[in-house]
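Written below as C-alpha cells is the structure these notes are about.
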Amino acid sequence: MTARDLILGRLRAALAAPAPPPAEVHRDYRPAGAVAADLDVLVDRLTDYRATVHRCADADVARVVGEVLGGRRVVVPPGLPPHWLPPGVTAVTDDGLDAARIAAVDGVVTAAAVAVAETGTIVLDGGPDQGRRVVTLLPDVHVCVLRADQVVATVPDALARLDPCRPLTWISGPSATSDIELDRVEGVHGPRNLHVVLTAGPGGG
Amino acid sequence: MTETFLGMPATAPPGVGHLRGDEPFPVAARRALGDAQLRRNVGHATSTIRAKSAAVIGEVPDWPQLRAAARAIKTDTMARLPELLEQLEAAVGRAGGTVHWAADAVEANRIVTDLVRGAGADRVMKVKSMATQEIGLNEALMDAGIEPVETDLAELIVQLGDDRPSHILVPAIHRNRAEIREIFLRTMPGVDPALTDEPAALAAAARRHLRETFLSTRVAVSGANFAVAETGTLAVVESEGNGRMCLTLPETLITVMGIEKVVPTWRDLEVFLQLLPRASTGERMNPYTSMWTGVTPGDGPQAFHLVLLDNGRSAVLADPVGREALHCIRCSACLNVCPVYERTGGHAYGSVYPGPIGAVLSPQLTGVADNASLPYASSLCGACYDACPVMIDIPSILVHLRGQAPHPRGEAVAMAAAAYTMDHPALYAAAQRGAKLSRLAGPRGRGLPPPLSGWTASRDLPEPPPQTFRQWWADR
C-alpha cells in the first residue's frame with residue numbers, strides 16, 4: 001500500500017462515522033466590488049508602514065526615480081517603460097542575470113499588477129514590466145510605479161484581479177520583523193527602502 | 001505499540017519530532033513560573049501584540065462575518081479533505097510540481113532527506129515552519145550529514161542559542177533584546193563586537209550573517225500557510241524577506257505541509273489573508289506574502305516538491321468534537337490572550353504547539369495518553385475562543401479531551417461510592433450529616449486527608465452549611 005492510499009484511506013475512515021454535516025459558506029463579508037478604492041487611504045497605509053510615497057504625473061516618473069536613485073546603478077525588468085528612467089541612472093536590464101549580479105546593484109525599478117488601499121499592499125505578478133521575483137528582492141531600494149487604476153479597495157478585490165498561475169509577491173512596506181520583543185523594526189533581508197510612485201496613468205497626465 | 005488495521009486513523013509515532021514533552025505540564029509550569037525574567041519577557045511581548053492586534057481588527061467593519069466565513073470554509077474543507085487533497089495533487093502536478101505523501105514524521109523526514117541528497121546538496125536553508133519543527137526535520141537532516149540553516153530571525157535566535165521554540169509566531173519570544181545580543185556575540189562568526197541591543201542593529205546583524213547563505217544554498221525547505229486545491233497555488237506569509245529568499249533563489253524547493261492546510265478555492269484566500277495578519281502580528285498585512293503554482297520557467301526554483309503530512313491528523317479528524325482543532329491557521333492569537341501561557345511561556349507545554357491551541361492539538365496528534373496533562377493547562381476562561389480568527393471552540397475541546405484523559409483510580413472509586421450513596425436515601429442523609437461534622441475540623445481552606453488531599457492541594461473545600469436542606473425542611 002502506498003503512503004498516498006494509506007493516508008486517503010485513513011481520512012475516509014475518519015470521516016465515515018458519523019459523517020460531518022455539510023457546511024455552507026455564507027460570504028456576507030464585503031466581497032470584491034463592494035467598496036470604491038480611495039487613493040488617500042492607500043497613501044496613508046503605505047506611509048504608516050514606512051514606505052515612501054510620491055504622487056506625480058506619468059511624465060514626471062523619471063524625475064522622481066532620479067531623486068531617489070540618482071547616480072546609482074539599478075536593475076530593471078525587460079518590459080519597463082523606458083521613459084521612467086532618468087539619464088543619471090545606470091540601468092541594467094534583467095535578461096537572466098545571476099543572483100550575485102542583481103545583489104550588487106543599488107536598486108530596482110518596476111511597475112506593479114495591483115495595489116490594495118486598505119492594507120497598503122502592492123502586488124507584483126511577474127509581468128514584463130515587473131520581472132522575475134529575484135530582481136525586487138536583492139537590491140536594497142525598490143521603486144515601484146503604480147497607476148491609479150491599479151488600486152483596489154480590499155483584499156477580495158485584489159484576488160479577483162490576479163491570476164493564481166503567475167508567481168505573486170504581495171508587498172506591504174519594506175522588509176520588517178517583529179521577532180524581537182514583538183516590536184516591529186524595518187529592514188531585514190528584503191529591500192530596506194520601498195518607494196511607491198503613484199501616477200494617474202499614461203493617459204491621465 | 002498496538003496493531004492497527006491499515007487505513008485506520010493513526011496518531012503521530014513516538015520517538016521522533018517534538019509533540020511530546022519530557023515531563024507533565026504542572027511540573028514544567030512550576031519551574032517556568034519561578035523564572036522572573038521569562039515571565040517579564042513573555043508578558044511584555046504578549047501585551048504589546050494584544051494592543052496592536054486589537055487596533056487593526058477594530059479597523060475591519062466585517063470582522064465577525066469574516067470569522068464566520070473562515071469557520072464555515074474550514075468545516076467544509078475537513079468534510080471533503082480526501083477529495084480536496086487529490087484535487088490539490090493533480091493541480092500541483094499539472095503546474096510542474098511533484099507531490100509526496102508522508103504518513104508520519106519518520107516518512108516525511110526520509111522523503112525530504114532523500115530529495116536533498118538527490119539534489120546533491122549538503123546544506124538547506126529553511127523558512128520558519130511549524131510542520132518541520134513538529135517532525136524534527138532538522139535533527140533528521142543533521143543525522144544524514146545535511147546542515148539545516150534557519151533563516152527566520154526568531155528561529156535563528158533559537159538555533160544559535162541551542163534553544164527550543166516557545167511560541168508559534170515568534171519562537172524566541174522568551175528572549176529579550178539583551179539576551180539576543182548576547183547569543184549573537186557568542187555564536188555569529190565575524191559579528192561586530194560593538195553590536196548594540198537595538199532591535200534594528202540586531203536585525204542588521206542577521207541580514208549580514210545570512211546573505212551569503214541565501215545566495216549560495218541550492219535547496220530550500222519551507223512550510224505553507226495555505227494550499228489552494230483548485231489551482232495548486234501555495235502561499236507563505238512572512239515579514240523579513242527570508243521567505244522570499246528561500247522561495248525564489250534555490251534550484252530546488254521542498255514544501256512540507258500538514259494536510260489540513262488545504263483550502264478549496266482561490267477565492268477562499270480573500271477570507272484568510274484578511275484574518276491572519278491582523279490576528280497574528282497585529283498588522284493590516286504582513287510585509288511579504290509569496291504565492292506560487294508549481295514551477296514558473298525562468299523564475300524561481302525549477303524543481304518543486306510538495307510533501308503532504310498526516311502525522312496524527314487523520315486521528316484528529318476522526319473525533320467529531322476535536323477535529324475543529326485542524327481549522328487552526330497558526331496565527332497564535334490564542335497564546336497571546338491566554339493567562340496561563342502568559343505566565344508559563346511556551347516551553348512548559350512540551351510540544352512545538354504551545355498555548356491553548358497546543359493544549360487541544362498536541363494531545364490529539366499523539367493520543368491523549370501521551371499528553372494527558374495538557375487538556376488541564378487551562379482555566380477554561382474562554383479568551384482563546386474569543387480571539388481565534390477562525391472561531392475554534394478551544395474550551396469545549398479541552399473539556400472533551402479531559403474526559404478522555406486517564407483519571408487516577410482513586411477518582412473512579414470515589415465517584416462510584418458517591419453514585420451508590422446518592423442512590424440510597426438513608427445513606428445519603430447520613431453522609432450529609434457526616435459532612436456537617438467537618439465544620440468542627442476548622443476554618444475554610446482545610447484539606448482532605450490522603451488519598452483525597454490531591455484534590456484540595458490547590459482548592460478550598462466549600463464550607464458545608466450549618467444544616468442540610470432536609471433538616472431545614474423537617475424543621476419548618
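Side chains are part of it too, since the values below use all heavy atoms of this structure and drop only hydrogens, waters and symmetry mates. Order of the sequence lines fixes the chain letters, A, B, ..., with proteins taken first and strands second; residue numbering starts at 1 for each chain.
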Would you say the side-chain atoms of Glu240(B) and Thr177(A) include a donor-acceptor pair closer than 3.5 Å?
-> yes
Exercise: do Tyr29(A) and Glu270(B) side chains pair donor with acceptor under 3.5 Å = yes
Hey, is Arg284(B) close enough to Glu118(A) for a salt bridge, meaning N to O under 4.0 Å?
-> no
Would you sort out whether Val188(A) and Asn242(B) count as a side chain to side chain contact (heavy atoms under 4.5 Å, CB included), showing the intermediate values?
-> CA-CA 8 Å; Val188(A) 199; Asn242(B) 64 305; over 6 Å; no
Examine whether an atom of Pro191(A) lies under 4.5 Å from a heavy atom of chain B, and if so say whether it belongs to the side chain, the backbone or both; otherwise answer neither.
-> both
Under a 4.5 Å heavy-atom cut-off, does chain B meet the side chain of Leu194(A), its backbone, both or neither?
-> neither
From CA spacing to verdict: side chain to side chain contact (heavy atoms under 4.5 Å, CB included), Ser178(A), Lys52(B) = CA-CA 12 Å; Ser178(A) 302; Lys52(B) 281 173 63 181; 4.1 Å; yes
Separation between CZ (Arg267(B)) and CG (Leu159(A)), nearest 0.5 Å, reads 10.0 Å
Segment of Glu186(A) engaging chain B (4.5 angstrom heavy-atom cut-off) = neither
Distance-only polar pair, side chains of Thr136(A) and Arg244(B), donor-acceptor under 3.5 Å | yes
If you tally heavy-atom pairs under 4.5 Å against chain B, which of Ala23(A), Gly173(A), Ala13(A), Pro156(A) wins?
-> Pro156(A)
Most contact-rich option vs chain B, by heavy-atom pairs under 4.5 angstrom, among Val185(A), Leu124(A), Ile7(A), is Ile7(A)
Ranked by heavy-atom pairs below 4.5 Å to chain B, first place among Asp157(A), Asp28(A), Asp5(A) goes to Asp28(A)
Thr169(A) portion near chain B, given a 4.5 angstrom heavy-atom threshold = both
Would you check, one step at a time, whether the test side chain to side chain contact (heavy atoms under 4.5 Å, CB included) holds for Leu317(B) with Arg12(A)?
-> CA-CA 10 Å; Leu317(B) 188 69; Arg12(A) 292 202 165 97; over 6 Å; no
Looking at Arg177(B), Arg175(B), Arg40(B), which hits salt bridge (Lys or Arg N to Asp or Glu O under 4.0 Å) with Glu181(A)?
-> Arg177(B)
Take Arg30(A) and Val60(B), measure what side chain to side chain contact (heavy atoms under 4.5 Å, CB included) needs, and give me the verdict at the end.
-> CA-CA 10 Å; Arg30(A) 296 170 302 155; Val60(B) 182; 4.2 Å; yes
